[in-house]
Amino acid sequence: MQSEWGGDPPDGHHPEASKTPRQRGVRPAVPRAPVPDLAAEVAAARTGDEDAFRTIYRSVQPGLLRFVRGIVGNDAEDVASEAWAQIARDIRSFHGDSNGFRAWAATIARHRALDHLRRQQRRPQPSTTSLDDLDDVVAADDTAAAAIELLSTDGAVALINALPRDQAEAIMLRVVLGLDAQSAGQVLNKRAGAVRAAAHRGLRRLFDQLNRDADSAGEPDPPDRRDGGRSAPL
Amino acid sequence: MGRDRSHPIDPRTAEGLLRDGADGHPRLSQVLAAAAAPPSEAELRGEQDAVYAFRRARLAEPATARHRSARAVWARLVTVKVAALALAIAAAGVAVAAGTGVLPNPLRAPIASPASTTTSSGPSPATGRRPRPSATTAPAPTAELVGLCRAYQAHVAAKPATPWPNPGLAALIQAAGGAEHIADFCAALGEPGPTAAPTKEPGKPADHPTGPPSPHPGNPSPGPTARPGH
């Protein structure tokens with residue numbers, strides 16, 4: 001789906017008009033820390049080292065949970081815990097490096113999630129979160145710009161997971177689980193190029209959505225934003 | 001595709017965002033950074049359960065996901081066979097003893113009085129463990145489990161950190177009602193009688209891990225179930 005939101009916002013409001021104040025509130029891009037290499041821990045856990053397994057859990061679980069949330073929503077914790085039971089059981093038969101392990105774990109989690117959906121006999125319920133819904137995940141008196149800046153992890157994950165499924169999965173695997181396109185492709189049963197393309201499409205869409213929402217969110221500090229929704233632009 | 005390149009998030013920018021967010025649109029990069037932020041406590045609250053699962057898996061080493069039930073059955077069969085063999089040997093001993101007139105033949109003459117077997121336990125050591133119900137517990141399965149318990153306890157004493165590569169483990173776990181209860185279960189069985197020794201047999205290959213680990217790495221995952229279903 002190509003962005004229908006490219007170019008000027010539908011209301012004719014020119015992007016430049018509202019960009020300046022917001023741009024002030026947005027800090028420059030900060031590089032994310034690379035995901036830790038778990039090769040040594042995986043090797044140790046395979047021989048029964050419990051501490052190594054704990055380290056692995058702490059490193060992988062957050063991404064796994066956020067990824068799974070995009071598929072099963074509120075049941076993510078249960079599904080993730082099923083996935084860990086299986087990981088704990090089968091880690092002995094895993095062979096590969098750190099990246100491979102993350103991909104393996106993500107594959108297991110995804111299968112558990114899809115099984116869960118099948119059990120529930122329902123289709124994935126696309127979350128419809130947009131910036132409008134994020135009032136409860138940011139501090140009360142934030143402006144739209146600050147809402148983005150102070151976006152909680154839950155809010156950010158919800159935003160990404162609200163993208164079309166393939167795009168959301170590709171972005172989550174790459175950004176949150178730290179997989180490269182190749183490994184993400186293994187998880188999704190797709191070629192690396194397809195995953196890359198889906199992730200790029202998702203990012204463009206997200207970018208457009210952020211701009212649109214921010215542009216229509218008005219100037220900073222409508223104080224009663226939470227009560228009455230948003231003040232009209234201009 | 002031309003449209004992709006004219007978009008502010010061109011493929012190169014997108015790739016940078018996906019990789020580490022270092023170069024790319026600030027706003028977008030912050031959303032991604034928030035999505036990849038360090039975990040909250042709530043997100044890690046399943047840790048202990050995961051560790052328990054890990055512990056159980058270590059204890060039940062040979063029982064891999066796919067082969068679990070088959071292995072359990074197999075392990076049970078082996079231990080049962082060994083126990084049956086022990087019984088047969090014991091019975092043979094009894095038969096011989098009976099044949100030689102040392103004691104009445106229990107197979108042919110089900111003599112009502114248990115006293116007779118009691119008296120016979122002196123001359124033939126092999127008969128001691130067989131027909132006479134032990135004062136504390138049931139006969140055959142207990143002997144088997146006692147043997148397993150002893151082997152298990154011996155292993156724990158010798159190499160506490162390593163998994164116990166005994167195929168009979170599954171039966172022991174089942175009897176104990178869970179891997180984490182084995183220690184208590186075995187302790188509750190009391191000091192095992194000396195005659196329980198033979199059933200220790202199934203644990204013999206204590207030095208090499210039983211069975212090769214399943215040849216398919218992560219058998220549960222990429223292969224069979226890998227169909228995303230859409």
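Every chain is numbered from 1, with letters handed out A, B, ... down the list of sequences. All heavy atoms count here, side chains included; hydrogens, waters and symmetry mates do not.
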Under a 4.5 Å cut-off applied to non-hydrogen side-chain atoms, are [X] and [Y] in contact?
X: B:R19; Y: A:D180; result: no
X: A:P62; Y: B:L44; result: yes
X: A:R92; Y: B:R58; result: yes
X: B:F54; Y: A:I91; result: yes

Task: For B:Y152, all residues meeting ring pair (Phe, Tyr, Trp, His ring centres under 6.0 Å), sequence neighbours excluded - done: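 Ring pair (Phe, Tyr, Trp, His ring centres under 6.0 Å) check on B:Y152 returns B:W164.
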- [ ] Please confirm whether the backbone N or O of B:A34 pairs with a side-chain atom of A:T153, one donor and one acceptor, at under 3.5 Å?
- [x]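 It does hold such a pair.
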Task: Donor-acceptor under 3.5 Å (A:R54 side chain, B:V51 main chain) - done: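 No, A:R54 side chain to B:V51 backbone: no donor-acceptor pair under 3.5 Å.
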- [ ] Please name the pair of heavy atoms, one in A:A85 and one in B:A53, separated by the smallest distance, quoted to 0.1 Å.
- [x]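 So the two residues come closest at CA-CB, 4.0 Å.
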TODO: Please name the pair of heavy atoms, one in B:A36 and one in A:R32, separated by the smallest distance, quoted to 0.1 Å.
DONE: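 Shortest heavy-atom contact: CB-CD, 3.8 Å.
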Starting at [atom1] of [X], measure out to [atom2] of [Y] and round the result to the nearest 0.5 Å.
X: A:L206; Y: B:L28; atom1: CG; atom2: CG; answer: 5.0 Å
X: A:E77; Y: B:D49; atom1: CD; atom2: CG; answer: 10.5 Å
X: B:T13; Y: A:R204; atom1: OG1; atom2: CZ; answer: 10.5 Å
X: B:L18; Y: A:H200; atom1: CG; atom2: NE2; answer: 5.0 Å

- [ ] Give me the ring orientation class for A:F207 and B:H25: parallel if the planes are under 30° apart, tilted from 30 to 60°, perpendicular past 60°.
- [x]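 Rings of A:F207 and B:H25: perpendicular, over 60°.
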Open item on the list: Counting neighbours of CD on A:E50 that are heavy atoms of other residues, nucleotides or ligands and sit closer than 6.0 Å, is the number greater than 12?
Closed with: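 Check passes, neighbour count above 12.
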Task: Passing candidate, side chain to side chain contact (heavy atoms under 4.5 Å, CB included) with B:L32, options A:V176, A:V175, A:L159 - done: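 Per the side chain to side chain contact (heavy atoms under 4.5 Å, CB included) rule, the option paired with B:L32 is A:V175, out of A:V176, A:V175, A:L159.
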Task: Interchain contact, A:A181 with chain B, by part (heavy-atom threshold 4.5 Å) - done: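 For A:A181, no heavy atom lies under 4.5 Å from chain B.
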Open item on the list: At a 4.5 Å cut-off on heavy atoms, which part of A:L203 comes close to chain B: side chain, backbone, both, or neither?
Closed with: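 Contact with chain B is through both the backbone and side chain of A:L203.
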Open item on the list: Counting heavy-atom pairs under 4.5 Å with chain A, which one of B:R55, B:E43, B:E47 comes out on top?
Closed with: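 Top count of heavy-atom pairs under 4.5 Å with chain A: B:E47.
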TODO: Would you check if there is a donor-acceptor pair between the side chains of B:H7 and A:D208 at a distance under 3.5 Å?
DONE: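 Yes, B:H7 and A:D208 have a side-chain donor paired with an acceptor closer than 3.5 Å.
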TODO: Give a yes-or-no answer on whether the side chains of B:R45 and A:Q61 include a donor-acceptor pair shorter than 3.5 Å.
DONE: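 Their side chains do not contain a donor-acceptor pair, so the 3.5 Å distance test is not met.
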Task: Basic-acidic side-chain contact under 4.0 Å: B:E15, A:R174 - done: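 A salt bridge is present here (some side-chain N lies under 4.0 Å from a carboxylate O).
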Task: Interface residue of largest heavy-atom contact number with chain B, from A:P34, A:G202, A:A88, under 4.5 Å - done: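 Top count of heavy-atom pairs under 4.5 Å with chain B: A:A88.
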